[in-house]
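Input: one structure, supplied below.
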Amino acid sequence: MPELAEVDYFRRRWDPGMGKVVEHLELHAGARVFRGCETAGWHELLQGAVMEVSLAHGKQMLFGFSGGGWLGVHLGMTGELRVESAGYEPGRHDHLVLRQAGGVLVFADSRMFGCLRLDVAVGGPPEWWRQLPPAVTSGGFSIDWVDGHLRRRHRSPIKAVLLDQAVFPGVGNWMADEILWRMGLHPLTPAGNLAGAPSRALRYHVRWVARRAMTTIGTDWSEPPASWLYRYRWAAGHCCPRPQCATPLVREEAAGRTSCWCPSCQPPPDGLTPTRKARPVRTGHRRENPLATSSARPPLS
DNA sequence: ATCTCTGTTCACAA
DNA sequence: GTTGTGAACAGAGA
């Protein structure tokens with residue numbers, strides 16, 4: 001379910017396993033989440049190893065173990081990390097289970113769009129991790145970085161560029177909609193319209209939404225403030241939360257993804273043909289709070 | 001039964 | 001070369 005803040009929330013759910021030995025490992029060999037991997041060596045590499053560090057970067061996670069094993073985790077659409085109590089019997093979607101004293105670390109993913117990998121690297125994260133693009137909250141995520149990519153993709157809809165993980169790592173569908181709403185930009189606005197001075201504002205809003213998401217969803221899965229579009233974008237029938245607007249929100253497909261925007265605050269750009277609007281998205285459901293819906297999921301320690 | 005989905009990748013069209 | 005589109009992946013929930 002993850003974008004940047006959700007990913008960090010799930011990363012910390014494995015915190016209870018930090019500093020502990022993996023006594024036993026179970027995995028669903030051949031499951032799609034291991035695509036591209038040879039899992040035969042995972043037992044030898046991880047059993048007996050201590051989990052020493054965890055990192056999150058955009059939608060990627062990395063767990064470091066003694067002996068040089070680095071477990072990479074991408075949650076895809078439905079992946080999640082949990083801790084279960086000792087003696088836990090894995091379910092059919094629990095594709096990786098790490099048993100430790102007093103607890104069991106679980107990676108589950110019903111749709112298996114997620115992905116796991118294990119690399120060996122001594123002294124630091126593996127090469128692929130070091131080559132990730134600059135985190136949106138870091139200094140490397142500069143105005144020049146943003147502006148350069150806006151120019152390179154000047155004809156693409158801004159929403160498509162925001163979803164590009166090579167440019168805005170960790171930004172997903174709801175974050176993109178939130179950012180665009182705050183900027184008063186229609187999702188189909190050509191990215192080139194933001195080149196130059198506006199790229200500074202885009203960078204600002206990306207960072208602002210990322211940081212604030214981290215202090216709400218990212219810490220305890222709590223909802224962002226009621227002033228956020230986030231609270232109203234999941235289901236049809238809501239209005240723009242901006243004071244003195246209250247225009248009914250639009251939910252339609254844009255750039256290939258279900259999008260939500262305010263037709264008043266985010267008017268279509270000049271020249272955008274209003275024809276052939278993709279089918280309106282009829283329904284929508286609220287995200288669930290995993291802490292509230294499952295007694296089997298203890299809160300973070 | 002039918003439709004949706006916080007993601008990514010691929011083939012193919014324009 | 002670029003960008004858009006639809007399908008595919010696979011399952012749960014409404």
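For the numbers below, each heavy atom of this structure counts, side chains included, while hydrogens, waters and symmetry mates do not. To find a chain, count down the sequence lines: A is the first, B the second, and so on, and within it residues start at 1.
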Checklist entry - Once you round it to whole Å, what is the distance between P of C:dT3 and CG of A:Leu163? => result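 Roughly 15 Å, once rounded to whole Å.
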Item to check | A:Thr258 vs B:dC5: side-chain N/O to OP1/OP2 distance below 4.0 Å | outcome: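 For B:dC5, OP1 or OP2 has a side-chain N or O of A:Thr258 closer than 4.0 Å.
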Checklist entry - Can you tell which of B:dT8, B:dC5, C:dA12 lies closest to the side chain of A:Arg251? => result B:dC5
Checklist entry - A:Ser156 or A:Arg32: which one's nearest nucleotide on DNA chain C is closer to the 5' end? => result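 Result: A:Ser156.
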Item to check | Same-atom distance (P) from C:dG6 to B:dC3, integer angstrom | outcome: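 After rounding to an integer number of Å, I get 16 Å for this pair.
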Checklist entry - Over how many whole Å does the gap from A:His154 atom NE2 to C:dT3 atom C1' extend? => result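 Computing the A:His154:NE2 to C:dT3:C1' distance gives 11 Å.
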Next on the checklist: Any side-chain N or O of A:Thr78 below 4.0 angstrom from OP1/OP2 of C:dG11?
Outcome noted: no
Checklist entry - Starting at NE2 of A:His28 and ending at P of C:dG11, how long is that distance when rounded to a whole Å? => result 12 Å
Item to check | Full working for salt bridge (Lys or Arg N to Asp or Glu O under 4.0 Å) between A:Arg257 and A:Glu253 | outcome: CA-CA 5 Å; A:Arg257 301 293 299 279; A:Glu253 199 171 291; over 6 Å; no
Checklist entry - Does the A:Asp94 side chain pair with the main chain of A:Gly91, one donor and one acceptor, at a distance under 3.5 Å? => result yes
Checklist entry - So, A:Asp177 and A:Lys159, do they make that salt bridge, N to O below 4.0 Å? => result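 Here A:Asp177 pairs with A:Lys159 in a salt bridge, since their nearest N and O are under 4.0 Å apart.
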Checklist entry - Should we say atom OH of A:Tyr204 is surrounded by more than 12 heavy atoms from elsewhere, each under 6.0 Å from it? => result no
Next on the checklist: Tell me the interatomic distance from A:Trp234, atom CH2, to B:dT4, atom C1', rounded to whole angstroms.
Outcome noted: 13 Å
Item to check | Pi stacking test for A:Phe113 and C:dC9: under 5.5 Å apart, planes under 30° | outcome: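 Answer is yes, a stack.
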Checklist entry - Choosing from C:dG4, C:dG11, B:dT8, which nucleotide comes nearest the side chain of A:Arg257? => result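 Side chain of A:Arg257 sits closest to B:dT8.
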Item to check | Atom pair distance, as rounded to whole Å: NE2 in A:His74 and C1' in B:dG7 | outcome: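 In whole Å, B:dG7 C1' and A:His74 NE2 are 6 Å from each other.
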Next on the checklist: Base, sugar-phosphate or nothing for A:Arg92? Non-hydrogen atoms, less than 4.0 Å.
Outcome noted: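 Contact class for A:Arg92: sugar-phosphate only.
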Next on the checklist: Which nucleotide wins on minimum distance to the side chain of A:His93, given the candidates B:dT8, C:dA12, B:dG7?
Outcome noted: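 So the nucleotide nearest the side chain must be C:dA12.
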Next on the checklist: Can you tell me how the ring of A:His28 sits relative to the ring of A:His95, calling it parallel under 30°, perpendicular over 60° and tilted otherwise?
Outcome noted: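 Ring orientation, 0 to 90° scale: perpendicular.
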Checklist entry - How long is the line joining CD of A:Glu253 and P of B:dC3, in whole Å? => result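 Spelled out: CD on A:Glu253 to P on B:dC3 is 14 Å.
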Next on the checklist: Can you tell me if A:Arg35 has over 12 outside heavy atoms packed within less than 6.0 Å of its CZ?
Outcome noted: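 Correct, the count exceeds 12.
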Item to check | All stems with DNA chain B, defined as three or more consecutive Watson-Crick or G-U pairs under 3.5 Å | outcome: B:2-5 with C:11-14, B:7-14 with C:2-9
Checklist entry - Is A:Gly256 touching bases, backbone alone, or none of the nucleic acid, heavy atoms closer than 4.0 Å? => result nothing
Table please: side-chain donor-acceptor pairs of residues 64-76 of chain A below 3.5 Å, with sequence neighbours left out.
from: A:Ser66; atom 1: OG; to: A:Val50; atom 2: N; distance (Å): 2.7
from: A:Trp70; atom 1: NE1; to: A:Ala121; atom 2: O; distance (Å): 2.9
from: A:Trp70; atom 1: NE1; to: A:Gly124; atom 2: O; distance (Å): 3.2
from: A:His74; atom 1: ND1; to: A:Gly76; atom 2: N; distance (Å): 2.9

Checklist entry - Nearest to the side chain of A:Lys59, which nucleotide is it out of B:dC5, C:dT3, B:dT8? => result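 Comparing B:dC5, C:dT3, B:dT8 against the side chain of A:Lys59, the answer is B:dT8.
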Checklist entry - A:Arg13 and A:Asp15: salt bridge (Lys or Arg N to Asp or Glu O under 4.0 Å), yes or no, with the steps? => result CA-CA 5 Å; A:Arg13 287 188 100 183; A:Asp15 278 355; over 6 Å; no
Checklist entry - Rounded to whole angstrom units, what separation is found between the CG atom of A:Leu188 and the C1' atom of C:dT3? => result 13 Å
Next on the checklist: Among B:dC5, C:dT3, B:dG7, which nucleotide has an atom closest to any side-chain atom of A:Arg153?
Outcome noted: C:dT3
